[in-house]
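Counting starts at 1 for both ligands and their atoms, following the listed order.
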Amino acid sequence: MNRLSRRTLGLVATGLVALSLSAGAIAEDKTLYQRLGGKPALEAVVGELWAITSADERINHYFANTKPEAFAGQLVDFLCQAAGGPCQYEGKDMQAAHTGMSLTDADFAALAENVEMALDKFDVPAKEHGEVMAMLGSLKSAVVNH
Ligand code: HEM
């Protein structure tokens, strides 16, 4: 083996060690679910979200026939699973759940604003707040215009 390929091998090996160390560090990090405070925290936020949204005339008409407890249970399970928690969401996928509602960008923005208010009520720190909003934002195309 010439000197160049030995050097390349050395660099690759160093890179692999660095990668596995950072993967180890990530694995030890707490999930978003844990950092938010687990299921009681999600239940509190979703309860507040329901209170805000059912009084929000921009979008509350969508929820006119919704049973609050059943819906909150589904939403808690969905968020718990999406945040890396130990829950099993058994409802529809996001597109199927919202098909036929023809939700608009404005509807989505209104709900997102309500989620922000609910997170703020419980003083969710900026990092976790950002992660929750990014997770919801990534679902927008599945939710609107169907
Ligand atoms: C990323 C954002 C959203 C998430 C994560 C989400 C999540 C969910 C979940 C988990 C369900 C239950 C599905 C099932 O039971 O199978 C649901 C249903 C529903 N969502 Fe959303 N949703 C989002 C955005 C919206 C928006 C923007 C609106 C309207 C403004 C909306 C209105 C509804 C309604 C009316 C239902 C049916 C409730 C019922 O069963 O009566 N959602 N959503």
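- From the protein, the heavy atom lying nearest to atom 5 (C) of ligand 1 is Phe78 CE2, 3.6 Å.
- Ligand 1 has no atom lying under 4.0 Å from any heavy atom of Lys140.
- Closest of all the heavy-atom pairs between His129 and Val124 is N-CG1, 3.7 Å.
- Here the side chain of Glu128 pairs no donor or acceptor atom with the backbone of Leu36 at under 3.5 angstrom.
- With His98 contributing its side chain and Asp93 its backbone, the two residues share no donor-acceptor pair below 3.5 Å.
- The backbone N or O of Lys39 lies less than 3.5 Å from a partner atom in the side chain of Tyr33, making a donor-acceptor pair.
- Pairs of residues two or more places apart, or lying in two chains, that qualify as disulfide bond (SG atoms under 2.5 Å apart) and include a residue from residues 47-120 are Cys80-Cys87.
- In the vicinity of Gly91, heavy-atom distances shorter than 4.0 Å reach the ligand 1 atoms 16 (O).
- The protein heavy atom nearest to atom 15 (O) of ligand 1 is Gln74 NE2, 3.3 Å.
- Ranking the protein heavy atoms by distance from atom 37 (C) of ligand 1 puts Met101 CE, 3.8 Å first.
- Of all protein N/O/S atoms, those under 2.8 Å from atom 21 (Fe) of ligand 1 are His98 NE2, and waters are not counted.
- Closest approach of Ala110 and Arg58 over heavy atoms only: CB-CZ, 3.6 Å.
- Side-chain N or O atoms of Gln34 include one that pairs as donor or acceptor with a backbone N or O of Thr31 at under 3.5 Å.
- The ligand atoms of ligand 1 that sit less than 4.0 angstrom from a heavy atom of Ile59 are 30 (C).
- For Asp120 (side chain) and Asp123 (main-chain N/O), no donor-acceptor pair under 3.5 Å exists by modelled atom type.
- Taking the side-chain contact (heavy atoms from CB on, under 4.5 Å) definition, one finds that Ser54 meets it with Trp50, sequence neighbours left out.
- In this structure Lys121 satisfies the side-chain contact (heavy atoms from CB on, under 4.5 Å) test together with Glu48, sequence neighbours excluded.
- The protein atom (non-hydrogen) at minimum distance from atom 28 (C) of ligand 1 is Leu103 CD1, 3.5 Å.
- Donor-acceptor pairing under 3.5 Å is lacking for the side chains of Thr53 and Asp56.
- From the protein, the heavy atom lying nearest to atom 13 (C) of ligand 1 is Tyr89 OH, 3.3 Å.
- In terms of N/O distances under 3.5 Å, ligand 1 is approached by Thr66.
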Next on the checklist: side chain to side chain contact (heavy atoms under 4.5 Å, CB included), that's the test. Do Glu116 and Met133 meet it? Break it down for me.
Outcome noted: CA-CA 8 Å; Glu116 303 222 69; Met133 296 315 294; 3.6 Å; yes
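- For Leu79, no heavy-atom contact with ligand 1 is shorter than 4.0 Å.
- The aromatic rings of Phe63 and Phe71 lie tilted to each other, with the angle between the two planes from 30° to 60°.
- The heavy atom nearest to atom 32 (C) of ligand 1, out of those in Phe108, Phe71, Phe63, is found in Phe63.
- Here's the thing with Tyr62: none of its N/O atoms is less than 3.5 angstrom from an N/O atom of ligand 1.
- Within 4.0 Å of atom 40 (O) of ligand 1, not a single protein heavy atom is present.
- For atom 16 (O) of ligand 1, the nearest non-hydrogen atom of the protein is Lys92 N, 2.8 Å.
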